[in-house]
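When a ligand or atom number is given, it counts from 1 through the structure's own listing order. The figures that follow rest on heavy atoms only: side chains count, while hydrogens, waters and symmetry mates do not.
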Amino acid sequence: MPTNAKPRPKVVIVGAGFGGLSAARRIARLPVQVTVVDRRNHHTFQPLLYQVATAGLSPGEIAAPIRWILKRDSNIEVLLEEVVDFNLEQTKVITKQQALDYDFLIIASGATHAYFGHDEWEPFAPGLKTIEDALEIRRRVLLAFELAERQENERQTAGQNEKNDAAQSGSPLQFVVIGAGPTGVELAGTLAEIARHAMNHEFRNIDPRQTRILLIEGGPRVLPAYSEELSRKAEDQLRRLGVEVRTSHTVTRIEPGAVWVGNEKILAPVVLWAAGVAASPLGRKLGVPVDRAGRVLVQPDLSVPGHPEVFVIGDLAALKDENGKMLPGVAPVAIQQGDWVAETIARDLEHQPRRNFHYHDKGSLATIGRAAAVAQFGTFELSGYFAWLAWLFIHILFLIGFRNRLLVMIQWAWSYLTYERGARLITGSDELPGWTQSPRPSPKNSVTTEPTVPAGQRRA
Ligand SMILES: Cc1cc2nc3c(=O)[nH]c(=O)nc-3n(C[C@H](O)[C@H](O)[C@H](O)COP(=O)(O)OP(=O)(O)OC[C@H]3O[C@@H](n4cnc5c(N)ncnc54)[C@H](O)[C@@H]3O)c2cc1C
């Protein structure tokens, strides 16, 4: 090889989620040197995180090592590092360890939870974004059943005959899910299934079917991104599963073991947050305009203003479609944008003019539970069993790795036949926030909600 060969252009991709990976796979075919930087060693298939959170699947079945995914592309190197800043003038990506040079930069660092200015709520109401989040939610959910069983056992040993159902205060079997978008709906629906079916016959002192699952939504309907008709059908399906749905209710405070909706206090040892997302903080490091959620206002070709060599894609990018509607934060948008940026870099290398990005919306699907889902493909709408089959097929198809597809298919076929959830492991701490190990028995006929009391007089 001649020593004076022109060095290949360097492309740095930040984030190996849906957008970053789709860009990397496409760019690998170009005469460039690519570095993919991610703070985790694995790509997570986020649409199935709720299955890990609800013990249906194990983490390894919905995630795969980035290095393994890209092993065949010899012009791609993978670095496990956290990006903390950029210097666009000097074309550098700053990680915790080093500064990386680039000729083209693609930023696809996704989104994170948003607690609307109440970050102090996070420890009491975890959101679902990473494998770690899913495992923490799984721990809390499964632990709640164990604590309920133990509490009932202690109560009976102490000679108190009163049964503790979840409609009474003092039971750990009260779950509140905040936010009725796709994640909140699938979490609430699946929790209801676990309570009604998966745990049945396994406990001797409690009846898991008494679990109370409350889904709280600030807007007027569940799944607001879908048509009103599909929202109504989704709500019906949730209620049939045993989920209490409260729309047009805003959570005003979350504290250990309780949620406040206006003046009403709802006791709930397990509270899950599915109400808001904000863009990755890396967007604000670029020094270019961002929207209120911190998403970068990209140019129609997905580059950032003033820097045609820097692209932002996926959940971190804010771009409107031809009807002036903001593109949603979903996997197909990120995947198509990743492809598009790779195509744009190819055109730049061939000195071809750039073209604007157009999103091809192939429809959206949201699952609610076993054989329950809604689907919208343009004007064609579907709900119930066939929507669920479509959801199942598409999610298995898009999972990375043949092994994962096969394993997930087997797991789902098994749970469909038996209602069993195979990954019911509690790992980590055996405490729930706000839950005392041996609480005072609750007074007979007490209810789950409490009126407002002055702060100084509130129950511990
Ligand atoms: C629970 C859940 C369910 C969902 N369900 C669906 C669904 O059913 N259908 C659908 O279409 N979409 C769904 N989505 C949305 C979809 O997952 C996102 O739109 C998509 O992942 C966005 O892709 P992305 O590449 O922008 O970011 P991501 O896929 O989130 O990837 C971001 C990557 O960047 C890395 N990263 C972040 N910060 C840094 C840093 N500072 N340094 C280095 N690396 C960093 C992360 O580790 C991650 O690998 C769901 C999302 C969630 C959370």
Side-chain angles (χ1 to χ4, degrees), residues 12-24 35-54 62-66 69 78-86 93-97 100 106-114 126-134 137 179 181-187 190 223 225 272-274 276-277 279-285 295-296 302 311-318 327-339 341 359 361-367 373-375 390-392 394-395 398-400:
V12 173
I13 301 176
V14 178
F18 284 104
L21 266 191
S22 102
T35 303
V36 174
V37 191
D38 201 296
R39 63 183 172 194
R40 306 206 186 270
N41 83 324
H42 53 270
H43 164 83
T44 305
F45 191 80
Q46 291 173 7
L48 290 184
L49 269 175
Y50 84 98
Q51 282 284 343
V52 175
T54 54
I62 68 151
I66 299 162
I69 298 169
V78 177
L79 291 180
L80 175 66
E81 287 191 41
E82 181 166 356
V83 172
V84 290
D85 208 348
F86 304 98
V93 174
I94 322 288
T95 74
K96 277 187 174 166
Q97 287 78 18
L100 301 166
I106 303 170
I107 307 165
S109 49
T112 175
H113 313 296
L128 183 59
K129 191 76 199 157
T130 62
I131 295 280
E132 289 83 351
D133 294 337
I137 292 175
T183 301
V185 163
E186 62 199 9
L187 275 174
T190 315
L223 297 180
L272 308 179
W273 183 259
V277 288
S280 146
L282 286 185
R284 295 189 195 274
K285 301 276 181 185
R295 290 178 301 179
V296 177
L302 304 173
F311 301 90
V312 175
I313 59 173
D315 283 3
L316 183 56
L327 292 179
V330 292
V333 171
I335 292 170
Q336 289 181 29
Q337 291 184 336
D339 276 353
V341 166
Y359 174 54
D361 186 357
K362 295 179 186 144
S364 22
L365 295 134
T367 183
V374 291
W391 177 91
L392 206 72
I394 286 170
H395 282 74
F398 278 90
L399 258 179
I400 285 187

ask   = Looking only at heavy atoms, which two atoms of G19 and A108 are closest? And how far apart?
value =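 Shortest heavy-atom separation between G19 and A108 comes out as C-CB, 4.3 Å.
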Working to the nearest 0.5 angstrom, can you tell me the gap between [X] [atom1] and [Y] [atom2]?
| X | Y | atom1 | atom2 | result |
| --- | --- | --- | --- | --- |
| L327 | D315 | CG | CG | 11.0 Å |
| D133 | H113 | CG | NE2 | 4.0 Å |
| Q51 | T190 | CD | OG1 | 6.0 Å |
| I13 | T35 | CD1 | OG1 | 9.0 Å |
| T112 | L316 | OG1 | CG | 11.5 Å |
| I313 | F18 | CD1 | CZ | 12.5 Å |

inquiry  = Looking at non-hydrogen atoms alone, which of V84, V52, L128, L80 comes nearest to atom 53 (C) of ligand 1?
reply    =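 Nearest option to atom 53 (C) of ligand 1, by heavy atoms: L128.
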Can you pull out the closest protein heavy atom to [atom]? Residue, atom name and distance to 0.1 Å, please.
| atom | result |
| --- | --- |
| atom 6 (C) of ligand 1 | P47 CG, 3.5 Å |
| atom 11 (O) of ligand 1 | A331 N, 2.9 Å |
| atom 25 (O) of ligand 1 | G19 N, 2.8 Å |
| atom 23 (O) of ligand 1 | A334 CB, 3.5 Å |
| atom 15 (C) of ligand 1 | G329 O, 3.5 Å |
| atom 18 (C) of ligand 1 | D315 OD2, 3.3 Å |
| atom 17 (O) of ligand 1 | Q46 OE1, 2.8 Å |
| atom 42 (N) of ligand 1 | V83 N, 2.9 Å |

ask   = With a 4.0 Å cut-off on heavy atoms, does P182 reach ligand 1?
value =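 No.
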key: Sub-4.0 Å heavy-atom approach of E81 to ligand 1   =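 So E81 counts as touching ligand 1.
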For [X], atoms of ligand 1 separated by under 4.0 Å from a heavy atom:
| X | answer |
| --- | --- |
| P332 | 11 (O) |
| G314 | 26 (O) |
| G15 | 33 (C), 34 (O), 35 (C) |
| G17 | 25 (O), 28 (P), 29 (O), 31 (O), 33 (C), 49 (O) |
| H395 | 8 (O) |
| T183 | 1 (C), 2 (C), 3 (C) |
| L282 | 40 (C), 41 (N) |
| K129 | 53 (C) |

ask   = Do any nitrogen or oxygen atoms of W391 come within less than 3.5 Å of a nitrogen or oxygen of ligand 1?
value =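 In fact, backbone or side chain, W391 has no N or O that close.
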message = Below 3.5 Å, N or O to N or O, backbone or side chain included: is there any such pair between H42 and ligand 1?
response =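 The answer is no, given that H42 and ligand 1 share no N or O pair closer than 3.5 Å.
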request  = Check whether any protein heavy atom sits under 4.0 Å from atom 49 (O) of ligand 1.
outcome  =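 It does: a protein heavy atom is found less than 4.0 Å away from atom 49 (O) of ligand 1.
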message = Heavy atoms only, cut-off 4.0 Å: how does L365 contact ligand 1, side chain, backbone, both, or neither?
response =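 It is neither; nothing of L365 touches ligand 1.
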request  = For ligand 1, indicate whether the residue H43 contacts it via side chain, backbone, both or neither (heavy-atom separation under 4.0 Å).
outcome  =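 H43 to ligand 1: no contact under 4.0 Å from either part.
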Any donor and acceptor pair, going by atom type alone, linking the side chain of [X] with main-chain N or O of [Y] inside 3.5 Å?
| X | Y | result |
| --- | --- | --- |
| E81 | V37 | no |
| T367 | E186 | no |
| W273 | A114 | yes |

key: Those residues that, when tested against S364, pass side-chain hydrogen bond (donor to acceptor under 3.5 Å, both in side chains) (two or more places apart)   =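 By the side-chain hydrogen bond (donor to acceptor under 3.5 Å, both in side chains) rule, S364 matches no residue at all.
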key: Between S280 and S109, a side-chain donor and acceptor under 3.5 Å   =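 Their side chains do contain a donor-acceptor pair, which is all the 3.5 Å distance test asks for.
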task = Determine, stepwise, if the pair I107 / V83 fulfils side chain to side chain contact (heavy atoms under 4.5 Å, CB included).
result = CA-CA 10 Å; I107 307 165; V83 172; over 6 Å; no
inquiry  = Within a 6.0 Å radius of atom NZ on K129, are there more than 12 heavy atoms belonging to other residues, nucleotides or ligands?
reply    =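 Atom NZ in K129 is packed in, count exceeds 12.
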